[in-house]
Each structure stands twice: as C-alpha cells, then as structure tokens.
There are 2 protein chains.
Amino acid sequence: MDTPEQFQEKCATVFHPELRKNKELERFRVSVKNENALTIIEALSALAQPTRLGVFRALVAVEPQAIPAGELARRSVVPQNTMSAHLAVLMRAGLVASERRGRSILYRASLPAFQALVTSLVRDCCDGRPELCAPLLSQFSPCHVSKGALP
Amino acid sequence: MDTPEQFQEKCATVFHPELRKNKELERFRVSVKNENALTIIEALSALAQPTRLGVFRALVAVEPQAIPAGELARRSVVPQNTMSAHLAVLMRAGLVASERRGRSILYRASLPAFQALVTSLVRDCCDGRPELCAPLLSQFSPCHVSKGALP
DNA sequence: TACATATATCCACTAATCTGGATATATGGA
DNA sequence: TCCATATATCCAGATTAGTGGATATATGTA
C-alpha cells in the first residue's frame with residue numbers, strides 16, 4: 001500500500017489529456033486500446049451508479065480525512081460485501097485510495113484523479129474554444145472570487 | 001421537436017445542484033427516487049461508453065453545427081441501428097438534441113446540459129471548499145487568460 | 001404511385017453489471 | 001492459541017447494457 005503522497009502522485013499520472021492531440025476527430029469512436037480512453041470511461045462508469053457516486057461525494061466532502069469501509073457500508077445501507085465490491089470499482093478507476101489500519105481499511109477520495117477526469121471532460125470545451133469555456137468557468141466564480149486564487 | 005433555443009432552455013433546467021443542500025451526507029446512497037440524482041447518473045452512464053463518448057466529443061467540437069445520424073454512424077464505424085440506439089441514450093440523458101431535416105436527423109451537443117453535469121460534479125469541490133477548487137480552476141487558466149473572460 | 005434514402009424500432013443473443021449469502025483472509029485481543 | 005472483528009473474495013442469480021440483422025417508419029424524387 002502506497003503512502004498517501006505516493007498514491008496521489010500515482011493518480012496524477014493516470015490521466016493524460018492526449019486524446020485530442022492525435023486529431024482522431026475523423027474517427028471518433030474512442031479506441032478501447034487507448035489506455036487513457038479506457039480509464040476515462042472506467043472513471044465515468046465508476047461514478048455512474050448511485051451508491052458509488054454517493055460514496056465518492058462523501059469522501060470528497062471529508063477529504064483529506066478517510067472513512068473505513070464498514071462505515072461506508074453502514075451509511076450507504078448496503079451489505080458489507082456489496083460495498084467492498086463497489087469500492088473495488090472505485091479503486092480500479094483510480095478515484096479512491098485505501099490504507100489498512102489494523103482491522104480496518106480506510107478509504108479517501110483521490111482529488112488529482114477527479115481533477116484529471118473533469119479536465120479531460122472539459123478539455124472538449126477549452127481546446128481552442130474558449131468562448132465555450134467561459135460560461136463554465138463563470139459557474140465557479142463565487143468560489144473563485146472568495147479566495148482570489150487567480151494564478 | 002423543439003427549436004434549438006427551446007431545447008437549450010429545457011436542458012438548462014435538467015440539473016439542479018440541490019443534492020448537497022439537503023445534507024444527506026449521513027445517508028449518502030443517492031436515492032434513485034431523486035430525479036436530479038438519476039439524471040446525473042444517466043448522464044455519466046451515457047458518456048461511459050467508447051462510441052458515445054466519441055460521438056459527444058465530436059459534437060462538442062463542431063458546436064453549434066450539427067451532424068446527421070448516418071454520418072455519425074459512418075465515422076464511428078458502427079452499424080446505423082447501433083448508432084441510433086446510442087444516440088437514443090444520449091438523448092435520454094439530455095446531452096444531445098436532434099432535429100429532422102428532410103430524410104436526415106441532425107444531432108448537436110447540448111452544452112448547457114454538459115455544463116450542468118460538470119457543475120454538479122465539481123460542486124463537490126467548491127461547496128465550501130474553495131481550496132479544493134483552485135487547483136481545478138488552474139487547469140483552465142491558459143484558456144481563461146487568453147480571452148480575459150473573468151466575469 | 002413506386003421506388004429510394006435515412007433512420008428509428010424490433011428482436012434475440014451475448015456480455016457485463018449489480019446484488020447478497022457464504023466463505024476466506026487479515027488483524028486485534030485475551 | 002482461540003475467538004472476535006473487519007473486510008475481501010467467491011459464487012450464483014437477476015438485471016441491464018451492447019450489438020447487429022431484420023423490419024418499420026419518415027421523407028424525397030421521378
């Protein structure tokens with residue numbers, strides 16, 4: 001099991017917004033042989049299920065804290081083994097990280113992976129089309145302005 | 001069939017970032033009885049398939065232009081009826097709009113719906129947690145700066 | 001009206017996903 | 001060492017998703 005830092009670095013390398021670099025617009029069925037594409041789809045699939053979306057949201061909400069698997073199961077009101085299966089899906093998609101502490105395994109959200117997913121999706125908007133991006137950015141301006149975090 | 005403008009307005013009302021308003025963090029299995037949650041999951045599911053993700057990307061790339069169903073099928077290298085089924089999924093998720101012109105049915109991306117999806121996802125980041133949002137925003141700064149579109 | 005073109009729908013098959021009881025594995029404590 | 005606790009894994013059944021041939025429907029043209 002990686003340290004949290006190591007895991008975060010690993011997740012940061014999962015997604016590479018390279019899809020649009022190879023100009024496959026003429027053949028836009030995303031090839032499943034393309035690692036990046038499969039990972040994006042895997043991540044979308046992982047979140048496209050009620051229990052898993054709820055779990056991911058809860059983990060993001062408490063980040064950088066972690067929640068034990070059993071606790072996630074209880075709060076989701078699903079059997080322990082079902083939650084284990086769900087967490088495995090999120091793990092495989094790189095959206096969560098886990099760490100064993102005694103008898104418990106704690107899970108936390110991987111924000112870099114989430115960031116990469118959103119970036120990959122929004123890339124469609126920004127890539128040479130800033131006029132499409134601006135309305136999207138405006139959604140976050142209350143958050144943005146409040147911290148004056150403009151780089 | 002709605003006009004493009006009417007359809008865009010309709011899509012803009014599909015997503016409401018209300019989930020986190022009702023403080024269901026203690027019960028974070030997203031209820032399928034909640035319309036908004038089902039739509040988010042439907043949208044994620046719709047994009048979590050290679051052909052459909054590719055189609056959506058292509059449509060976003062040419063927005064506000066539209067592409068006929070047959071053209072989408074040819075360029076995706078899938079049979080016509082398979083593409084029709086995929087487009088139906090995207091339609092049901094509200095991510096695309098269609099309009100018949102003669103024998104063809106043209107499809108275009110619904111950017112408001114896409115925006116709402118991303119907003120809903122990123123809401124997890126921004127909602128009272130701007131320090132989590134800033135790194136995400138920095139991803140778009142090249143795009144942002146180039147147009148000086150800060151609201 | 002007949003034929004052509006474009007695309008949705010039907011239908012059936014296969015594969016994948018979800019779910020939960022049962023069991024295996026890992027760790028803690030007496 | 002034995003028992004308890006936490007959770008992953010196994011297994012099977014039910015459900016859903018993806019796919020493509022065949023057919024139905026909608027529109028265009030002569």
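Note that the structure is predicted; figures quoted are calculated from it, not measured.
In this structure, the nucleotide among D:dT7, D:dG18, D:dT19 sitting nearest to the side chain of B:T82 is D:dT19.
Distance B:H86 NE2 to D:dG18 P: 7 Å, rounded to the nearest Å. In this entry the distance linking CG of A:L44 with P of D:dA17 reads 16 Å, nearest Å. Between the P atom of D:dT16 and the CD atom of B:Q49 lies a distance of 18 Å, rounded to the nearest Å. Regarding B:Y107, its OH atom lies at a distance of 11 Å from the C1' atom of C:dA6, rounded to whole Å. What separates CG of A:L47 from P of C:dC18 is a distance of 12 Å, to the nearest Å. Across the protein-nucleic acid pair, B:I67 atom CD1 and C:dA6 atom C1' stand 16 Å apart, rounded to whole Å. Atom CG of B:L87 and atom P of C:dT9 are 11 Å apart (whole Å). Atom CD1 of A:I105 is separated from atom C1' of D:dT9 by 12 Å (rounded to the nearest Å).
Of the possible donor and acceptor atoms, none in the side chain of B:S120 sits under 3.5 Å from a partner among the backbone N and O of B:A116.
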Where along nucleotides 21-28 of chain D does protein come under 4.0 Å, by heavy atom, of base (B) or sugar-phosphate alone (S), with - for untouched nucleotides?
BB---SBB
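Under the 4.5 Å side-chain criterion, counting only non-hydrogen atoms from C-beta, B:L87 is not in contact with B:I105. Looking at A:R52 and A:L95, their side chains never come closer than 4.5 Å, going by heavy atoms from C-beta outward. The shortest distance between side-chain heavy atoms of B:L72 and B:H86 does not fall below 4.5 Å. Put simply, the side chain of A:R57 does not reach to within 4.5 Å of the side chain of A:V60, judged on heavy atoms.
Residue A:L106 is not grouped with residue A:V89 when hydrophobic side chains (ILVMFWY) are merged at heavy-atom distances under 4.5 angstrom, including chains of intermediate members.
Taking only side-chain nitrogens and oxygens, A:T51 never comes nearer than 4.0 Å to OP1 or OP2 of C:dC18.
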